[in-house]
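First comes the structure, then the notes that go with it.
As the structure lists them, so they are numbered: ligands from 1, and atoms in each ligand from 1. Values below: every heavy atom of this structure, side chains too, minus hydrogens, waters and symmetry copies. Note that the structure is predicted; figures quoted are calculated from it, not measured.
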Amino acid sequence: MRRIILLMTVAALVVGGTLFAVSVAGAHKHPTAKAQKHPTRTLLIKNFSFKPANITIKRGTKLRWINKDPHPHTATANNKRSFDSGRLGKGQSYTHTFKSVGKKPYHCEIHPFMRGRITVRR
Ligand SMILES: [Cu+2]
């Protein structure tokens, strides 16, 4: 009987200790996990192209285009509704958060040969 009580005490200590460790780890992990859930990805506009031209992101991701060219550019959704940076001068940037899943082809309004595509997944 004493042995059973001893075993139960040890088991209780192990379970309690594990729960404590998990809650401590969880408390530390939480801010990082949240930051990774809605990260920002950077896209460069350089030499008359979007770099990278094709990108796959998770829904909720924020994309930031930075114009590294000395010429003005735009990042405009082909449907013109989803997003539109407007005219970006040298060094200017535009940020958009992608909240719906799907393929979002886009282009530069000033140089229509400049094309890119965002693929948003769940
Ligand atoms: Cu352009």
Q: Give me the ring orientation class for F98 and H96: parallel if the planes are under 30° apart, tilted from 30 to 60°, perpendicular past 60°.
A: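 F98 vs H96 ring planes: perpendicular.
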
(Q) Can you tell me how the ring of W65 sits relative to the ring of Y106, calling it parallel under 30°, perpendicular over 60° and tilted otherwise? (A)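 W65 and Y106: perpendicular rings.
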
Q | Rounded to 10 degrees, the angle SG of C108 makes with SD of M114 at the Cu ion (ligand 1) | A |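 Seen from the Cu ion (ligand 1), SG and SD are separated by roughly 110°.
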
(Q) Check for me, please, whether L44 and Y94 land in the same ILVMFWY cluster - side-chain distances under 4.5 Å, paths through other members count. (A)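 No; tracing contacts between hydrophobic side chains, which count when under 4.5 Å, never links both residues.
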
Q. Would the F48 and H71 ring centres measure less than 6.0 Å apart?
A.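 Between H71 and F48, which both carry aromatic rings, the centre distance is below 6.0 Å.
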
(Q) Report the atom name of the nearest N/O/S atom of H111 relative to the Cu ion (ligand 1). (A)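 The nearest such atom is ND1.
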
Q) By atom name, which N, O or S atom of H73 is the nearest to the Cu ion (ligand 1)? A)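 H73's closest N, O or S atom to the Cu ion (ligand 1) is named ND1.
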
Q: Could you tell me whether the Cu ion (ligand 1) has an N, O or S atom of H71 under 2.8 Å away?
A: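 No, outside the cut-off.
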
